[in-house]
Amino acid sequence: MGSNAKIRNIKGTRDILPEEALKWRRMEQVIREKMKAFNYEELRFPTFEYTELFKKSTGEDTEIVQKEMYTFKDMGGRSLTLKPEGTPSVVRMYIQHGLRNRSKIQKYYYIERMFRQERPQKGRFREFRQFGAEVIGSMSPQIDAELIKLALDIFKELGIKGIRVNINSIGCPECKEEYIKALKEFLSPILNGLCEDCKKRFITNPLRILDCKKDRDKLNSAPNTIDYLCDDCKRHFSDLREYLDYLGIAYDVNPKLVRGLDYYTRTVFEFIHSELGAQDEVGGGGRYDGLIEFLGGENTPASGYAVGMDRMLLLMPEIDGDKGIDIYIVTLDKESDIAGWKLLSGLREEGFSCDKDYLERSIKAQFRESDRQNARWTIIIGQEERKRGVVKLKSMETGEQKEVLLNMKAIKEEISAKGS
Ligand code: HAM
């Protein structure tokens, strides 16, 4: 970069300006309210972890670990990675802090930034935000249904319409093994015609071939996971469907849905929206009944999902802007300016949102600024007023103006009386 070139944000990261920050706040507020209603507690976790955590849990052969992680060595030579997803950290925390001892079932949520080195495009970034929900300790398909309902309630509250739910079951490790055998039998004769990635996946992780966008058409008649479920997994999946029906949730069974992370067992699901184009997955998740034990904890079932908030934002309708400020102070001369500045600080202590001019602007320009700031009241202070220990208080709604004593109590009373 030449020395005079302007420094810009890094490709795939996003600058959020105030108008958009408003939508983010609304999103976060609704997520927190719904999580409270469903009794999920918040977890916050570090931005980076030992690389090994993701290799072990997300999966050595997954796209994320193979191609997308931001991995670097620290000064002690340890390999660290910016978190590409939340589930491994949640499980690590669960084991490390003995959260099992708190209660047999734990329900958590998070709102966190994630990092993946993917090719940026609409709805796909290198730094992005996810909210996630994870339930640890229950095998019940009621939990899977509850998780789906929780996300749908959040979408609905934010005015996001048109989300479709796809579900599938990939079975427990035993039925998965049976299925993979059948899948490999199906793939062997057509393997030469598949893309290079799929040829590799055939050895390392054949399930992932079903996710391939390039070879999708060649896989239409591949065997379906649900035809290979054992009795317990079959019952689990039919119970899930019944619970979803019970909650009035419309869904499609997509027998090719496997998801791209290694830890899933039984239920998998995704939230889709057609308006997002190529990146049409708003969120996804499923059960990971084996992960906790695999990472050194006790054998504990778990289920969860994450939703891409940047994608949610694209689907959210416009919302009303901030309602503006309570009071803008207009001052007519230098000394009044100081009096106004002092008053400002007192008003803020009282909880009013207020501001004044700092550019020595003309009275007319100060009034214009009061309008621009959408102030409900303007306080005017000039030499005349100061002499008499008063200020002018103008309602910007009615245009009505009156004199009030220059003290906090009087101003507060006047403003409160008008119902502001
Ligand atoms: P995931 O499917 O990798 O699952 O990501 C979840 C969501 O994050 C996606 O559906 C998408 O909306 C969003 N997302 C992923 N990559 C990007 C990106 N580059 N830019 C913008 N948004 C993106 C997981 O992360 C699992 N941890 C979900 C889970 C939780 N499973 C069980 N518990």
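Side-chain atoms are counted along with the backbone in the values below, which use heavy atoms only and exclude waters and symmetry mates. As the structure is a computational prediction, the values presented were derived from the model and not from experiment.
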Can a donor-acceptor pair be found, under 3.5 Å and without considering hydrogens, that links the side chain of [X] to the backbone of [Y]?
{"X": "Asp326", "Y": "Cys354", "result": "no"}
{"X": "Asp280", "Y": "Glu275", "result": "no"}
{"X": "Thr300", "Y": "Gly137", "result": "no"}
{"X": "Arg287", "Y": "Thr267", "result": "no"}
{"X": "Thr13", "Y": "Ile10", "result": "yes"}

Verdict with reasoning, Leu53 to Ser89, per side-chain contact (heavy atoms from CB on, under 4.5 Å):
CA-CA 8 Å; Leu53 176 69; Ser89 300; 4.3 Å; yes

Could you check if a side-chain atom of [X] sits within less than 4.5 angstrom of a side-chain atom of [Y], using non-hydrogen atoms only?
{"X": "Leu82", "Y": "Met69", "result": "no"}
{"X": "Ile148", "Y": "Val165", "result": "yes"}
{"X": "Thr331", "Y": "Trp341", "result": "no"}
{"X": "Ile167", "Y": "Asn254", "result": "no"}
{"X": "Cys198", "Y": "Arg208", "result": "no"}
{"X": "Lys256", "Y": "Arg216", "result": "no"}
{"X": "Arg376", "Y": "Ile327", "result": "no"}
{"X": "Gln29", "Y": "Glu33", "result": "yes"}

Once salt bridge (charged side-chain N to carboxylate O under 4.0 Å, His left out) is applied, do any residues pair with [X], and if so which ones, sequence neighbours excluded?
{"X": "Asp227", "answer": "none"}
{"X": "Lys199", "answer": "Glu196"}
{"X": "Lys176", "answer": "none"}

Is NZ or CZ of Lys356 both nearer than 6.0 Å to the six-membered ring centre of Tyr358 and within 45° of the ring axis?
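Yes, Lys356 and Tyr358 form such a contact.
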
Using 0.5 Å steps for rounding, measure from the [atom1] atom of [X] to the [atom2] atom of [Y].
{"X": "Glu49", "Y": "Ser57", "atom1": "CD", "atom2": "OG", "result": "9.0 Å"}
{"X": "Tyr288", "Y": "Leu261", "atom1": "OH", "atom2": "CG", "result": "11.5 Å"}
{"X": "Ile292", "Y": "Arg92", "atom1": "CD1", "atom2": "CZ", "result": "13.5 Å"}
{"X": "Leu314", "Y": "Lys122", "atom1": "CG", "atom2": "NZ", "result": "6.0 Å"}
{"X": "Leu393", "Y": "Ile381", "atom1": "CG", "atom2": "CD1", "result": "11.0 Å"}
{"X": "Leu240", "Y": "Asn168", "atom1": "CG", "atom2": "CG", "result": "10.5 Å"}

Under 3.5 Å, is there a donor-acceptor pair between the [X] and [Y] side chains?
{"X": "Thr58", "Y": "Glu85", "result": "yes"}
{"X": "Tyr50", "Y": "Ser79", "result": "no"}
{"X": "Tyr251", "Y": "Arg241", "result": "yes"}
{"X": "Tyr108", "Y": "Gln106", "result": "yes"}
{"X": "Asp262", "Y": "Thr62", "result": "no"}

Salt bridge Arg32-Glu42, side-chain N to carboxylate O under 4.0 Å:
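Answer for the salt bridge query: yes.
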
Does a side-chain N-to-carboxylate-O contact under 4.0 Å join Glu369 and Arg361?
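Looking at Glu369 and Arg361, the cut-off is met.
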
Does [X] have any ring-ring contact (aromatic ring centres under 6.0 Å, His included) partners at least two apart in sequence or in another chain, and if so, which?
{"X": "Tyr110", "result": "Phe45"}
{"X": "Tyr40", "result": "none"}
{"X": "Phe155", "result": "Phe271"}

Partners passing side-chain hydrogen bond (donor to acceptor under 3.5 Å, both in side chains) against [X] (at least two apart in sequence or in another chain):
{"X": "Thr398", "value": "Ser395"}
{"X": "Asn220", "value": "none"}
{"X": "Arg348", "value": "Asp355"}
{"X": "Glu20", "value": "Arg14, Trp24"}

Would one find more than 12 heavy atoms of other residues, nucleotides or ligands at under 6.0 Å from atom [atom1] of [X]?
{"X": "Glu28", "atom1": "CD", "result": "yes"}
{"X": "Asp320", "atom1": "CG", "result": "no"}
{"X": "Leu359", "atom1": "CG", "result": "yes"}

Please walk me through it: do Lys200 and Asn205 pass side-chain contact (heavy atoms from CB on, under 4.5 Å)?
CA-CA 8 Å; Lys200 276 188 217 136; Asn205 193 351; over 6 Å; no

Quick one: do Thr378 and Gln373 satisfy side-chain contact (heavy atoms from CB on, under 4.5 Å)? Show the steps, please.
CA-CA 11 Å; Thr378 303; Gln373 294 282 350; over 6 Å; no

Looking only at non-hydrogen atoms, find the nearest pair between Val330 and Gln366 and report the distance.
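Of all heavy-atom pairs spanning Val330 and Gln366, the closest is CA-OE1, 3.2 Å.
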
Identify the heavy atoms of Asp289 and Thr265 that sit nearest to each other, and give their distance.
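Between these two residues, the closest heavy atoms are N-OG1, 3.0 Å.
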
Which pairs with one or both residues in residues 99-116 pass salt bridge (charged side-chain N to carboxylate O under 4.0 Å, His left out), sequence neighbours excluded?
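For residues 99-116, and leaving out neighbouring residues, the salt bridge (charged side-chain N to carboxylate O under 4.0 Å, His left out) pairs sorted by first residue read Lys83-Glu112, Arg100-Glu298, Lys107-Glu146, Arg113-Glu127.
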
Testing Arg311, Arg259, His273 one by one against Glu281 for a side-chain hydrogen bond (donor to acceptor under 3.5 Å, both in side chains), which residue passes?
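Considering Arg311, Arg259, His273, a side-chain hydrogen bond (donor to acceptor under 3.5 Å, both in side chains) with Glu281 is found only for Arg259.
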
For residues 228-236, run the donor-acceptor check on the side chains, cut-off 3.5 Å, and write out each pair with its distance to 0.1 Å, sequence neighbours left out.
{"unit_1": "Asp232", "atom_1": "OD1", "unit_2": "Arg235", "atom_2": "NH1", "d": "3.4"}
{"unit_1": "His236", "atom_1": "NE2", "unit_2": "Met139", "atom_2": "O", "d": "2.8"}

Run Glu400 and Lys394 through salt bridge (charged side-chain N to carboxylate O under 4.0 Å, His left out) and show every step you take.
CA-CA 6 Å; Glu400 199 183 312; Lys394 181 178 179 185; over 6 Å; no

Do Arg126 and Glu68 pass the salt bridge (charged side-chain N to carboxylate O under 4.0 Å, His left out) test, and can you show the C-alpha distance, the side-chain angles, and the key distance before you say yes or no?
CA-CA 9 Å; Arg126 290 183 167 171; Glu68 297 169 1; over 6 Å; no

